[in-house]
Amino acid sequence: MSSSKKSSDGKSSEIEEAVASLTMPFNKILLTSSDGESFEIDEAVARKFQIIAHMIEDDCAGKAIPIDNVTGDILSKIIEYAKKHVVEPDEDEDEEAKKKLDSWDAKFVEKLDLETIFKIILAANYLNFEGLLGFASQTVADYIKDKTPEEVREIFNIENDFTPEEEEAIRKENAWTFNG
Amino acid sequence: MAESTFSCVPEDVVFNIFFKLQDDPRNWARLACVCTRFSSIVRNVCCKTQCYSAIPTVISDLLPPSSSTAADSSLPPPGGWASLFKLAVCCPGLFHAGILLENSDFGLERELGPDQNLDPKPSTTDLASDDGEVSKPLGSGLETTSFWSLYDDLYTDTIPAPQEEIETSDIRPGRDLPVRKRRKICRSLGSHLASGGWNLSREQGNKLLASRFRGDCLYICNWPGCIHVEEKRNYMLFRGVFKDFKRSRVWRTINDGNHRSKISGLKCAFCLCDETWDLHSSFCLRRVFGFHDDGEPVVRAYVCENGHVSGAWTA
């Protein structure tokens with residue numbers, strides 16, 4: 001467990017990293033979901049959630065942190081993703097690892113229905129977990145890409161709230177994209 | 001319920017999702033048709049952001065001087081952000097470029113039947129396009145994004161379609177046909193995603209206007225524009241926008257001519273303007289362009305009140 005970052009003030013950052021890598025794995029954070037489920041995770045994993053990282057920095061993180069906006073099932077999924085992504089492989093240095101991780105991500109999201117993905121998006125936004133938010137957003141984008149408006153409405157279960165006149169006008173305006 | 005969950009997603013997150021689809025402008029246009037919330041996000045946020053990133057110099061010219069350069073505090077350009085975005089990416093098509101207006105058909109009045117001698121890879125252009133394949137014309141083309149011929153247009157025109165509006169007997173402005181994004185050859189009559197780049201430049205605009213209008217600032221899309229191969233000749237369709245059109249010399253000239261050059265039945269391809277004016281017949285274009293032997297003008301251009309221009313050069 002040694003860090004070998006060389007910088008101009010090499011000594012102090014090396015020491016910091018060494019200390020962090022020694023203590024971090026031993027720090028556990030307890031997250032409690034809105035429906036009372038508890039998850040004990042390593043600090044390194046918890047730090048993926050910016051909202052918690054800030055609390056740790058500010059020393060406000062007690063042993064247990066309530067996550068009021070997120071239910072246990074969603075939180076467990078998020079933690080599962082976070083654990084896999086604690087260390088993001090460098091695409092240039094370790095292509096193999098990146099590929100493996102991408103493949104894991106694909107399988108991870110394959111099993112989820114759209115409703116769950118929306119909940120994950122909401123939770124990741126709340127927790128400020130950028131990596132998962134970006135990934136889940138991309139998944140949704142891929143869902144709706146190249147779909148007609150009717151298909152998109154079905155996917156999101158959205159009601160068409162245009163008036164008939166508005167609908168006609170906007171259809172005309174965007175007719176250049178359609179198949180007729 | 002998926003409905004209630006997604007409606008809780010905040011606007012900026014929805015915008016981020018939409019923004020991942022920025023590569024193909026048609027996605028945004030389709031999303032704008034889904035519901036009022038999506039329409040608002042697309043028109044007010046997506047289009048604006050994309051305009052700022054794709055054509056920043058044009059934007060800074062087009063906006064009134066009082067607005068700052070910050071994307072979130074500026075007034076929209078005439079016609080709105082969505083129109084400007086559409087102008088950047090959407091070819092007006094033969095109809096809006098006025099090619100179908102003349103009484104004489106210039107070889108465009110088609111006999112029914114597929115066009116056999118179409119060369120899909122013209123040697124005259126050097127646009128970077130690696131998508132050179134052309135699939136066969138299809139009998140009924142309602143469900144595909146592949147190559148269309150005019151035969152298909154006329155064939156499918158005979159199939160009743162509930163949403164169509166017929167303005168003239170030959171032209172169906174409601175029909176807008178899809179074209180794959182990087183195709184060089186376009187066969188659609190209506191507007192479609194433009195091939196080639198999505199930039200606008202002033203130099204091209206300068207080449208178009210007669211010398212006494214050089215003081216006006218006209219931005220035109222990259223040359224040679226979107227190429228439409230027709231029987232008699234090729235049409236390079238372009239689109240553009242005037243800066244401050246209502247204060248331009250072109251507009252004054254059109255007014256002085258008592259709007260004689262107004263074209264009835266030709267709406268703007270990009271905004272809600274119902275009327276357009278012919279720049280050729282109001283003598284705003286360079287005289288050197290002239291006419292072909294069969295009387296067809298070498299260049300046509302039509303402008304709306306917001307300064308949006310649709311037109312075509314002929315080879």
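Below, read A as the first sequence line, B as the second, and so on, with proteins coming before strands; counting in each chain starts at 1.
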> Return yes when atom CD of A/E95 has more than 12 non-hydrogen atoms of other residues, nucleotides or ligands closer than 6.0 Å, and no otherwise.
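Incorrect, the count does not exceed 12.
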> Do A/D146 and B/R30 meet the salt-bridge criterion of a basic N to acidic O distance under 4.0 Å?
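Counted as a salt bridge, because a side-chain N and a carboxylate O are separated by less than 4.0 Å.
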> How about NZ on A/K145, more than 12 heavy atoms from neighbouring residues, nucleotides or ligands closer than 6.0 Å, or not?
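Result for NZ/A/K145: open.
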> Hey, is CD on A/E57 packed in by over 12 heavy atoms from elsewhere, all under 6.0 Å?
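Enclosed: over 12 neighbouring heavy atoms sit under 6.0 Å from CD of A/E57.
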> Kindly indicate whether the side chain of A/T177, heavy atoms from C-beta on, has any atom under 4.5 Å from the side chain of B/L193.
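Counting from C-beta outward, A/T177 and B/L193 never come under 4.5 Å.
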> Heavy-atom distance under 4.5 Å to chain A: side chain of B/A82, backbone, both or neither?
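Side chain only.
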> Against chain B, label A/I117 side chain, backbone, both or neither, depending on which of its atoms sit under 4.5 Å from a heavy atom there.
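When you check distances to chain B, no heavy atom of A/I117 falls under 4.5 Å.
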> Quick check: do A/Y143 and B/I17 have side-chain heavy atoms less than 4.5 Å from each other?
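SC-SC contact between A/Y143 and B/I17 ruled out.
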> How many angstroms lie between CG in B/L21 and CD1 in A/I144, if you round to the nearest 0.5 Å?
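It is 5.0 Å, given to the nearest 0.5 Å.
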> If every non-hydrogen atom of B/K86 is compared with every non-hydrogen atom of A/E173, which pair is closest and at what distance?
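The answer is NZ-O, 2.7 Å.
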> Hey, could you give me the SG/CZ distance between B/C35 and A/R153, rounded to the nearest 0.5 Å?
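It comes to 8.0 Å.
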> Can you name the closest pair of heavy atoms from B/V13 and A/I121 and give their distance?
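Minimum heavy-atom contact is CG1-CG2, 3.5 Å.
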> Can you tell me how far CZ of B/F6 sits from CG of A/N157, rounded to the nearest 0.5 angstrom?
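It comes to 12.0 Å.
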> Is the number of heavy atoms from other residues, nucleotides or ligands within 6.0 Å of CD (A/E154) greater than 12?
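At most 12 heavy atoms, drawn from other residues, nucleotides or ligands, come within 6.0 Å of this atom.
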> So which of B/T36, B/L272, B/N27 has the biggest tally of heavy-atom pairs under 4.5 Å with chain A?
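If we count pairs closer than 4.5 Å to chain A, B/T36 comes out on top.
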> Would you mind checking which part of A/N160 comes under 4.5 Å of any heavy atom in chain B, side chain (CB onward), backbone (N, CA, C, O), both or neither?
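Both backbone and side chain.
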> Under 4.5 Å between any side-chain heavy atoms of A/V152 and B/F38, yes or no?
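They are in contact (side-chain heavy atoms under 4.5 Å apart), so the answer is yes.
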> Using a cut-off of 6.0 Å, state whether more than 12 heavy atoms not belonging to B/K20 lie near its atom NZ.
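Buried by this count: over 12 neighbours within 6.0 Å.
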> Report, as yes or no, whether the 6.0 Å neighbourhood of atom CD on A/E130 holds more than 12 heavy atoms from other residues, nucleotides or ligands.
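At most 12 heavy atoms, drawn from other residues, nucleotides or ligands, come within 6.0 Å of this atom.
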> What distance do A/N174 atom CG and B/S39 atom OG have between them, rounded to the nearest 0.5 Å?
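Interatomic distance, A/N174 CG to B/S39 OG, rounded to 0.5 Å: 8.0 Å.
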> Got a second to check how far A/E150's CD is from B/C33's SG, nearest 0.5 Å?
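Nearest 0.5 Å value for the CD-SG distance: 8.5 Å.
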> If you measure from CH2 on A/W176 to NE2 on B/H96, what distance do you get to the nearest 0.5 Å?
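Going from CH2 on A/W176 over to NE2 on B/H96, the span is 12.5 Å.
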> For A/I170, is it the side chain, the backbone, both, or neither that has a heavy atom closer than 4.5 Å to a heavy atom of chain B?
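For A/I170, the contact with chain B is made by backbone and side chain together.
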